[in-house]
Amino acid sequence: MHAFDVLGDPVRRRILELLADGELAAGEIGAVVQAEFGISQPAVSQHLRVLRDNGFTTVRAVGTRRLYAVDATPLREVDAWLDRYRRFWEQRLDALETELARGRRERRESR
C-alpha cells in the first residue's frame with residue numbers, strides 16, 4: 001500500500017496524531033477513535049494493523065497491553081516526496097511574512 005493510501009484515511013491520520021504525542025496503548029487509541037468516529041473496536045484494530053503493516057507504527061507488548069508508537073520512516077519518505085512541491089506554498093508564506101512585517105512597521109511608525 002502506498003503511503004498516501006495509508007494516510008488518506010481520516011481514522012488513520014487521527015491515530016497518528018494521537019501517537020505524535022507519544023506511545024499509547026491500543027485501548028486508549030480505541031477509546032478516542034471510537035468516540036470520535038463511531039466505529040467499532042475491531043475496526044480500530046484493523047486501522048492499527050494497516051498502520052503497523054505499512055511501517056507507520058511500531059507495537060510492543062507489555063503484559064496483555066499493546067503499546068503503539070509512531071515510526072517516522074515512512075513519514076520521512078512522504079516529506080521527501082512533498083519537498084519538490086514546497087516551493088508552491090513557501091513562496092506565498094514568505095510573501096505573507098513580508099506583508100505582516102510591513103504592516104507592523106507601518107503601525108509603529110504611525111504612533
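- Annotation: side chain of Leu75 is in contact with side chain of Val70 (closest heavy-atom distance under 4.5 Å).
- Within 6.0 Å of CZ in Arg13 there are more than 12 heavy atoms belonging to other residues, nucleotides or ligands.
- Within the 4.5 Å cutoff, no side-chain heavy atoms of Val59 are placed close to those of Leu67.
- The salt bridge (charged side-chain N to carboxylate O under 4.0 Å, His left out) contacts involving residues 65-78 comprise Glu28-Arg65, where partners must be two or more places apart or lie in separate chains.
- Annotation: side-chain hydrogen bond (donor to acceptor under 3.5 Å, both in side chains) contacts of Asn54 (sequence neighbours excluded): none.
- Evaluation of the ring pair (Phe, Tyr, Trp, His ring centres under 6.0 Å) test over residues 9-52, restricted to residues two or more places apart or in two chains, returns none.
- Evaluation of the side-chain hydrogen bond (donor to acceptor under 3.5 Å, both in side chains) rule for Asp9 yields no partner, not counting sequence neighbours.
- Considering all non-hydrogen atoms of both residues, Arg12 and Val6 come closest at NE-O, 2.9 Å.
- The heavy-atom pair separating Pro74 from Gly55 by the smallest distance is CG-O, 3.1 Å.
- Evaluation of the ring pair (Phe, Tyr, Trp, His ring centres under 6.0 Å) test over residues 4-25, restricted to residues two or more places apart or in two chains, returns His2-Phe4, Phe4-Trp81.
- Within the 4.5 Å cutoff, side-chain heavy atoms of Leu19 are placed close to those of Ile15.
- With sequence neighbours excluded, the residues satisfying side-chain hydrogen bond (donor to acceptor under 3.5 Å, both in side chains) with Glu36 are Arg14.
- Side-chain contact between Arg52 and Thr58 is absent, with no heavy atoms from C-beta onward closer than 4.5 Å.
- Between Val44 and Gly30 the shortest heavy-atom distance is CG1-CA, 3.8 Å.
- Considering OG1 of Thr57 and OH of Tyr68, their distance stands at 6.5 Å, rounded to 0.5 Å.
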Item to check | Steps toward side chain to side chain contact (heavy atoms under 4.5 Å, CB included) verdict (Phe56, Thr73) | outcome: CA-CA 7 Å; Phe56 284 85; Thr73 305; over 6 Å; no
